[in-house]
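Residue numbers begin at 1 in each chain, while the letters A, B, ... track the order of the sequences. Computed from heavy atoms alone, side chains included, the values below leave out hydrogens, waters and symmetry copies.
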Amino acid sequence: MPDFSLNVNGSDRKVSVAANTPLLWVLRDTLAMTGTKFGCGAGLCGACSVHVEGELVRSCSVAISEIGSKKVTTIEGLSADRSHPLQKAWIAEDVPQCGYCQSGQIMAAAALLAKSPSPTEEELTAGMSRNLCRCGTYDRIRKAIHRAAGQPAAANGGGAQ
Amino acid sequence: MSPVSRRELLLGGAAAGAGLVIGVYASKFGSVTGFSAGHEAFSPNAYLRILPDNTVTIMVARSEMGQGVRTALPMILAEELGADWPTQVRIEQAGASTLFGDQTTGGSFSIHSLWDPMRKAGAQAREMLLAAAAQRWSVPAGECKAEKGAVSHEKSKRSATFGELADAAGRMPAPSEAPLKRPEEYKIVGTHAARLDTPSKIDGSAQFGIDVRVENMKHALLARTPTIGGKVVSFDDSDAKKVEGVRLVSKIGDSAVAVIADSVWAAMEGRRALKVTWDDGPNKNLGMAAIWDGLKQASSKKGAPLYSTGDFAKASGRMVEATYQLPLLAHAPMEPGNTTAVVQHGGCELWSPTQVPQDVRDSVAIALGLPSDKVKVNVTLLGGGFGRRLEHDYAVEAALVANSMPGTAVQTLWTREDDMQHSPYRPMSLHVMSAKLDGAGWPVAFQHKIIGPGISTQKGFPLMGGLDPDLASEAAFLYPIPNVTIEHVATETPVPLGWLRSVWGMQIGLATEAFLDEVAAAGGKDPLDLRLHLLREDREIHIGDDHWQTARLREVIKLAAEKSGWGKPLPAGVYRGIACWACFSTYSAEVVELSMEGDLPKVHRVVAAIDCGTVVNPNIVDQQMHSGVVFGMSAALRGKITIEGGRVQQANFDDYEPLRMNEFPKIEAYWVKSGEAPTGIGEPTVPPLAPALLNAMYAATKKRVRAVPVMG
Ligand code: FES
Ligand code: FES
């Protein structure tokens with residue numbers, strides 16, 4: 001199998017895999033970085049979202065041979081200690097339910113905030129609608145993104161009566 | 001409530017009931033997976049271990065699939081114990097065990113069924129800690145109190161941490177009866193406590209089944225019969241074996257061929273290169289036209305009575321009739337099916353995202369011809385469940401795959417297409433509804449004929465008085481109309497069936513509550529007024545093991561109506577619909593607000609109200625209410641599995657697409673403050689969504705839609 005060098009979360013890694021292997025499986029199987037998830041394998045759910053040179057990429061749909069020396073960031077590399085503003089906001093809003101989609105959601109949100117540090121509702125919706133959450137955590141995702149962006153979130157109502 | 005009662009049925013009654021658990025003490029010499037009291041550790045029961053380092057570890061004997069059991073169950077025990085939440089608390093996940101009764105996670109039953117056992121386990125330990133402190137200080141135990149992880153004696157100003165008392169507490173006799181706290185004493189239960197699993201779910205460290213890594217493990221994918229009931233005739237693996245990394249190709253059962261490889265990608269490439277000749281089997285011509293035809297024909301048959309009062313036929317009044325149609329549905333949890341297994345040393349160890357660890361253990365034992373105590377089942381986090389993981393097909397299959405490579409751990413993975421096309425499905429059903437109205441427009445008779453295949457019946461579970469056990473327990477009808485008949489015409493289907501979140505509640509609830517809107521319109525009544533009129537008197541209704549109170553349903557309807565501003569004007573083009581349902585011992589009501597864009601609804605707001613008794617953690621109840629609404633909405637708008645040529649036509653999230661953020665409405669979740677014992681929350685907000693949506697569509701268009709999904 002051919003050798004590829006790639007840079008993941010700041011460290012250089014060498015892997016021997018088939019050239020058409022999607023980045024997702026290189027991360028998960030070869031490098032044992034399992035935070036990036038497999039949901040559909042077809043670019044439909046966003047569970048596998050990572051950043052390549054800061055751009056949001058579905059790692060199930062890009063082959064290792066296309067990565068070259070570009071810098072890959074995964075959920076494990078977003079911060080060393082859950083200190084990224086989105087991670088803090090995710091904890092504050094207690095977003096995850098099953099949690100399976102959340103790595104992808106956070107990576108999509110990070111790409112969104114990198115482009116629009118103070119996103120409008122429309123920008124937020126557009127930036128996040130390619131990521132599925134079967135558990136329905138969308139409301140808290142919105143709140144967490146607003147919180148991380150330092151925006152006041154609209155109150156929802158609800159609670160004990 | 002079948003997913004729960006199922007095991008009890010199999011075991012012949014309540015022998016597996018959770019209430020027995022507290023009597024089970026972990027032996028000093030270890031246990032299957034419960035705690036054992038080692039040196040200086042205090043472990044009065046299988047749920048709890050306190051160490052001299054002052055950590056309190058609580059065993060969670062249910063599966064965490066997003067519903068929060070790894071937080072809410074420990075909260076209940078920690079409350080009675082008087083632990084310092086969350087600082088000193090750790091949790092451990094129980095695998096398949098003999099110590100915890102039935103470990104099935106389903107039927108919204110975890111908190112409901114473990115409320116007493118967890119409280120008792122905590123209270124018992126607290127009493128022993130108090131006794132240990134009292135003895136040490138020579139004071140009456142009644143003067144000591146346990147709070148924030150320490151026992152204190154106010155008069156003498158002494159205190160000791162649980163850790164300091166652990167060793168001594170272990171020598172105290174276990175009290176047979178320990179007093180339980182009064183709700184007004186609660187410090188942990190009822191608080192908006194953060195989930196303990198959240199930090200691991202935001203940095204990639206949470207371990208789901210698919211994330212299990214065992215040294216030198218292999219990855220397997222199966223080529224599966226494309227038609228329902230098809231079989232492998234032969235296969236040619238010469239090309240598959242040429243794929244680098246492919247290690248073994250092996251037939252598994254009658255209907256699948258496994259490709260085992262060094263990586264998932266190699267297994268995928270190997271599976272693509274594999275040539276299988278299939279016998280399409282007896283269902284190769286099965287399609288939706290025939291399936292619906294079968295149901296329509298069956299609708300003229302007399303059904304088995306699920307509930308009946310008065311005499312529908314004899315009642316006189318103006319007749320209203322309608323038929324509702326619901327499709328097959330897939331669960332599609334975000335984490336596709338997978339299990340890691342290794343067969344060695346005369347046993348099998350598995351790591352599985354499962355709702356039924358004991359079923360996995362027992363079925364793997366049978367499949368591999370092992371005694372069940374040689375099968376060890378570890379339960380990982382579940383990336384969603386929704387009932388898909390009440391089936392353990394994928395775990396047994398993984399054991400068979402691993403058995404073809406003894407000594408090597410193999411993770412068998414399902415792709416999304418495998419999941420969508422080879423899973424059990426929520427059954428399709430027809431609902432023939434009729435009502436009779438008196439001169440004032442109130443219903444005096446109501447009839448509901450459910451036509452469709454029974455899930456438990458298909459799986460071979462024993463019938464309850466000739467009835468499918470799921471339907472028997474879920475046809476709760478709380479409107480005290482004098483003449484009611486609810487019956488089930490059981491049909492058969494080769495399509496494999498499974499329990500989907502809220503099970504028949506979703507179907508019976510939709511038909512009942514949407515039809516009730518028709519009854520209201522026919523009688524010239526407001527849909528809210530009709531419901532409140534029917535529920536105006538307080539009544540107790542007993543159906544199966546369930547005791548329902550009409551007052552509680554009435555109050556949640558009122559709450560949803562009030563919070564939604566029912567009756568108040570809406571912006572132009574916006575309309576409301578209301579529906580309610582009672583299931584899994586919980587009462588639920590929802591108001592949907594929408595506008596129409598052509599024939600399609602755009603939902604703006606959903607107001608949900610429930611009464612689930614004591615709220616253990618409002619943070620999690622709020623999450624689950626949102627989750628149920630989104631789940632119900634995904635199904636109502638787009639959820640549909642269809643079959644042609646004996647094959648499932650949908651394959652991935654493009655043709656079976658759950659709700660996305662751009663379609664997501666504003667959701668408001670309210671719950672009733674209650675001192676009743678806690679009941680289910682995972683499912684009850686699912687059933688009212690679809691009928692409330694259909695009813696709002698009618699308000700908008702004055703046209704009835706009687707089939708879902710509404711997007712066709
Ligand atoms: S797994 Fe890549 S988009 Fe779904
Ligand atoms: S939290 Fe479960 S899929 Fe998003």
Side-chain angles (χ1 to χ4, degrees), chain A residues 1 17-18 20-22 25-26 28-30 32-42 44-45 47 74-76 78-79 82 86-87 90-91 94-103 106 124-126 128-142 156-161, chain B residues 65-68 194-195 197-208 210-211 213 219 244 263-266 269 332-336 381-384 386 415-416 559 563 609 615 618-619 622-623 626-627 629-631 652-654 658-662 664 666-673:
Chain A
M1 296 210 195
V17 294
N20 65 351
T21 308
W25 301 114
V26 175
R28 291 186 54 84
D29 294 352
T30 317
M33 297 170 69
T34 54
T36 304
K37 297 294 190 254
F38 168 62
C40 68
L44 299 165
C45 74
T74 69
I75 185 72
E76 290 93 345
L78 199 58
S79 75
R82 305 178 187 131
L86 281 165
Q87 289 173 312
W90 242 251
I91 288 178
D94 225 358
V95 176
Q97 289 181 30
C98 84
Y100 194 78
C101 72
Q102 298 294 336
S103 299
I106 292 171
L124 194 158
T125 301
M128 299 304 296
S129 288
R130 298 180 65 217
N131 284 65
L132 281 172
C133 174
R134 185 69 163 139
C135 298
T137 62
Y138 298 128
D139 183 56
R140 292 191 185 200
I141 289 174
R142 293 191 84 91
N156 236 22
Q161 299 299 318
Chain B
M65 47 191 176
Q67 84 286 35
R195 294 177 62 124
D197 55 356
T198 294
S200 74
K201 289 176 174 177
I202 55 115
D203 67 358
S205 63
Q207 211 182 53
F208 297 88
I210 197 173
D211 302 326
R213 291 293 176 268
H219 299 265
E244 218 178 326
S263 67
V264 173
W265 185 247
E269 292 279 80
M334 282 303 289
E335 180 190 16
L381 282 171
L382 283 59
F386 317 121
T415 61
R416 180 56 55 193
L559 180 56
K563 295 295 176 186
V615 167
N619 175 33
D622 176 76
Q623 282 188 321
H626 274 249
S627 184
V629 165
V630 172
F631 201 86
N652 209 316
F653 288 132
D654 47 355
L659 204 73
R660 290 181 182 274
M661 194 182 272
N662 58 340
F664 178 70
K666 181 176 179 210
I667 299 175
E668 292 167 43
Y670 299 93
W671 49 91
V672 173
K673 270 207 186 114

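By number of non-hydrogen pairs under 4.5 angstrom with chain B, the leading residue of A/Ser103, A/Ser79, A/Pro22, A/Ala126 is A/Pro22. Between chain B and the residues A/Cys133, A/Gly39, A/Gly35, the most heavy-atom pairs under 4.5 angstrom are made by A/Gly39. Contact count against chain B (heavy-atom pairs under 4.5 Å) is highest for A/Ile91 among A/Ile91, A/Val95, A/Thr36. Of the listed residues (A/Met1, A/Gln102, A/Glu76), the greatest number of heavy-atom pairs within a distance under 4.5 Å of chain B belongs to A/Met1. In terms of non-hydrogen atom pairs under 4.5 Å with chain A, the most contact-rich of B/Val629, B/Asp622, B/Val672 is B/Asp622. Taking A/Thr125, A/Thr137, A/Leu124 one by one and counting their heavy-atom pairs under 4.5 Å with chain B, the maximum is reached by A/Thr125. The residue among B/Leu659, B/Asn619, B/Ile667, B/Asp197 with the most heavy atom pairs within less than 4.5 Å of chain A is B/Asn619. Of the residues considered (B/His626, B/Gln67, B/Glu244), B/Glu244 shows the highest number of contacts with chain A, using heavy-atom pairs under 4.5 Å.
Using a 4.5 Å cut-off between heavy atoms, B/Gln207 does not touch chain A at all. Looking at B/Ala194, the atoms closer than 4.5 Å to chain A (heavy atoms on both sides) sit in the backbone and in the side chain alike. Heavy atoms closer than 4.5 Å to chain A are found nowhere in B/Val615, neither backbone nor side chain. Neither the backbone nor the side chain of B/Pro618 comes within contact range of chain A; no heavy atoms are under 4.5 Å apart. Both the backbone and the side chain of B/Ala332 come within less than 4.5 Å of a heavy atom of chain A. For a residue to count as touching a neighbouring chain, one of its non-hydrogen atoms must lie under 4.5 Å from one of that chain's; by this rule A/Ala160 touches chain B with backbone and side chain alike. Residue B/Met65 touches chain A through its backbone alone, counting heavy-atom pairs closer than 4.5 Å. Heavy atoms of A/Arg140 lying under 4.5 Å from chain B belong exclusively to its side chain. The contact between B/Phe208 and chain A is made entirely by side chain atoms (from C-beta outward), counting heavy-atom distances below 4.5 Å. Neither the backbone nor the side chain of B/Leu381 comes within contact range of chain A; no heavy atom of the residue lies under 4.5 Å from a heavy atom of that chain. Residue A/Val26: no heavy atom, backbone or side chain, is found under 4.5 Å from chain B. There is no contact between A/Leu78 and chain B, counting heavy-atom distances below 4.5 Å. In this structure, chain B has a heavy atom under 4.5 Å from the backbone of A/Asn131, while its side chain stays farther away.
Using a 4.5 Å heavy-atom threshold, the side chains of B/Asp654 and A/Leu44 count as touching. A/Ile141 is listed as a side-chain neighbour of B/Met661, based on a closest heavy-atom distance under 4.5 Å. Looking only at side-chain heavy atoms (C-beta outward), B/Trp265 and A/Val17 stay at 4.5 Å or farther from each other. Inter-residue side-chain proximity for A/Phe38 and B/Thr415 is flagged as met; some heavy-atom pair is nearer than 4.5 Å. Residues B/Ser263 and A/Trp25 have side chains not in contact (no heavy-atom distance under 4.5 Å, counting atoms from C-beta outward).
Between the CZ atom in B/Phe631 and the CZ atom in A/Arg134 there is a gap of 4.0 Å [rounded to 0.5 Å]. Rounded to the nearest 0.5 Å, atoms CD (B/Glu269) and OG1 (A/Thr21) are 7.5 Å apart. Atom CE of A/Met33 is separated from atom CG of B/Asp211 by 12.5 Å, given to the nearest 0.5 angstrom. Distance SG/A/Cys101 to CD/B/Glu335: 12.0 Å, rounded to 0.5 Å.
With hydrogens and angles disregarded, a donor-acceptor distance shorter than 3.5 Å links the side chain of B/Arg213 to the backbone of A/Arg28. No side-chain donor-acceptor contact under 3.5 Å links B/Lys201 to the backbone of A/Tyr100. A donor-acceptor pair is defined here as one N or O able to donate and one able to accept, closer than 3.5 Å; such a pair exists between the side chain of A/Gln87 and the backbone of B/Ile202. For A/Ser129 (side chain) and B/Asn662 (main-chain N/O), a donor-acceptor pair under 3.5 Å exists by modelled atom type. Between the side chain of B/Gln623 and the backbone N or O of A/Gly136, no donor-acceptor pair lies under 3.5 Å.
In terms of heavy atoms, A/Ala47 sits closest to B/Met334 at CB-CE, 4.3 Å. For the pair B/Ser627 and A/Cys135, the tightest heavy-atom approach, listed with the atom from each and the gap, is OG-O, 2.7 Å. The nearest pair of heavy atoms linking B/Tyr670 to A/Gln161 is CD2-NE2, 3.4 Å. Closest heavy-atom contact between B/Thr198 and A/Pro96: CG2-CD, 3.8 Å. Nearest heavy-atom pair across B/Gly384 and A/Cys98 is N-CB, 3.3 Å.
No more than 12 heavy atoms of other residues, nucleotides or ligands sit less than 6.0 Å from atom NZ of B/Lys673.
Under 4.0 Å is where a charged nitrogen must lie from a carboxylate oxygen, and between A/Arg82 and B/Asp203 at least one such pair does.
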